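Ligands are counted one by one from 1 in listed order, and the atoms in each one are counted from 1 as well. Please read all numbers here as calculations on a predicted model, not as lab measurements.
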Amino acid sequence: MTRSTLTVPVDPCDDLAALCERLKLPEVGRLAAARAQQAAAEQWTYSQYLIDVFRAEVAARQARYVVSHTQMSHLPFHKTLDQYDFTFQPSLDERQVRQLLTLQWVDAAENLIVLGPPGVGKTHLVVAMAGQAIVERISVYFITIQDLVADLRKAWDENRFATRLGMYVRPRLLCIDEVGYLPLSSLEANLFFRLVAARYERGSLALTSNKGFVDWGQVFGDPVLATAILDRLVHHSTILNIRGDSYRLREKRTAGLLGEAAARPSLEASLPGGTVPS
Ligand code: ADP
Ligand code: MG
């Protein structure tokens, strides 16, 4: 067999745009010509030019990844830690929270529990951690405990609980918001326990609650079950206990529209049903 018969035929193609399309490098294709002109004018080396266009391709891919995975994670809004005003919540240790943003706790499959009254930024902090996790390509899913248990209960009724549970075990970071705003039924509390047990030491939970641990017996309708849940949640965890005023009501209060009491943690108890979805 001659050498030429072994050669894989290649389409002769000298069109850079077509080559980039074939190689799935749209950003390189978009920038190549303009950057080549700049490279010539500024006397870049060949490798500088290649690094420049490939870096743009990597950045564009990362941006697309973050957008699509942010959508898939169901985060309720976009907030970063830099948008969090620590001076407004002196009970929080800023250095500790910034350390949490390194996400070493997610690498270690540990949990984050954020406690505090409505409006102090519990969801904000969890969303900031989740956003950073997405940037670092860690799988994230965000859900309120109400939606979670409703979904698990439906799956239970339809005999597909194990499959559905698997879906909530899979993300490396599962954020569960608003624990404690509404009490759970006995079945719901049991299904939630199964989820916590299934994720224990396997994947991280970031959980927010307006109720202190002493009240979790009521939330889960059963002190024994609450203890079993807490035991697994807390074992490897960081607990942030925010003991401040609602940020939402801050401006209204400073404008004199609310009395002091209205902006205090007891607010939730004063509203119908004692619940404040946040
Ligand atoms: P919670 O979950 O504790 O009820 P949220 O995280 O929903 O509170 O916060 C309510 C609103 O106030 C959000 O828009 C959030 O970004 C903002 N917020 C809360 N605390 C702060 C803070 N310390 N600095 C900046 N924004 C804050
Ligand atoms: Mg909230």
Side-chain angles (χ1 to χ4, degrees), residues 66 70 73-101 103 105 111-135 140-151 171 173-184 192 204-216 219-220 233 237-255 257-258 260-278:
V66 169
T70 301
S73 68
H74 288 183
L75 293 187
F77 49 76
H78 176 75
K79 285 280 164 87
T80 66
L81 208 52
D82 287 335
Q83 292 169 281
Y84 192 84
D85 179 1
F86 284 92
T87 59
F88 190 73
Q89 293 302 351
S91 66
L92 264 185
D93 178 351
E94 178 171 356
R95 225 179 48 168
Q96 182 193 22
V97 178
R98 293 210 174 273
Q99 171 65 24
L100 289 170
L101 202 64
L103 302 178
W105 56 281
N111 299 329
L112 173 65
I113 304 170
V114 188
L115 304 176
V120 294
K122 301 181 297 297
T123 306
H124 183 140
L125 292 177
V126 165
V127 163
M129 300 292 159
Q132 180 62 25
I134 292 170
V135 167
V140 172
Y141 195 74
F142 183 105
I143 191 165
T144 64
I145 193 166
Q146 285 307 317
D147 289 348
L148 173 72
V149 293
D151 189 42
L173 174 59
L174 180 66
C175 307
I176 303 178
D177 203 19
E178 299 183 355
V179 173
Y181 280 106
L182 295 171
L184 303 187
F192 182 70
S204 293
L205 284 169
L207 192 143
T208 76
S209 179
N210 65 326
K211 295 278 195 307
F213 292 144
V214 283
D215 296 323
W216 282 35
V219 173
F220 294 102
L233 277 179
S237 72
T238 303
I239 299 162
L240 301 177
N241 197 359
I242 313 176
R243 288 177 301 269
D245 291 340
S246 167
Y247 194 83
R248 288 196 191 99
L249 302 181
R250 171 190 69 138
E251 282 161 4
K252 291 197 176 73
R253 204 170 69 242
T254 47
L257 296 173
L258 292 169
E260 262 308 282
R264 296 284 161 195
S266 57
L267 171 71
E268 68 196 276
S270 67
L271 290 180
T275 62
V276 185
S278 53

* Intermediate values then yes/no, side-chain contact (heavy atoms from CB on, under 4.5 Å), M129 and V97 -> CA-CA 9 Å; M129 300 292 159; V97 178; 3.9 Å; yes
* Have a look at F88, F77, Y247 and point out the one with the heavy atom closest to atom 27 (C) of ligand 1. => Y247
* To do: Tell me which part of K79 gets within contact of ligand 1: side chain, backbone, both or neither, using heavy atoms under 4.0 Å.
  => side chain
* By number and element, which atoms of ligand 1 are closer than 4.0 Å to a non-hydrogen atom of P118? -> 4 (O)
* Is it true that V120 lies under 4.0 Å from ligand 1, counting heavy atoms only? -> yes
* To do: Mind telling me whether W216 and F213 have parallel, tilted or perpendicular rings, with 30° and 60° as the class edges?
  => perpendicular
* Contact with ligand 1 for G119, non-hydrogen, under 4.0 angstrom -> yes
* Using 30° and 60° as the class limits, which term best fits the ring planes of F220 and F192: parallel, tilted or perpendicular? -> parallel
* T208 near the Mg ion (ligand 2): N/O/S under 2.8 Å -> no
* Are the side chain of N111 and the backbone N or O of L205 linked by a donor-acceptor pair below 3.5 Å? -> yes
* Asked: Can you tell which of Q89, K122, R248 gets a heavy atom nearest to atom 7 (O) of ligand 1?
  -> R248
* Asked: For the atom pair CG (D177) and OG (S209), what is the distance rounded to the nearest 0.5 Å?
  -> 10.0 Å
* Counting distance only, does the side-chain N/O of K122 pair as donor-acceptor with the main-chain N or O of I113 below 3.5 Å? -> no
* Asked: Can you check whether T123 has an N/O within less than 3.5 Å of an N/O in ligand 1?
  -> yes
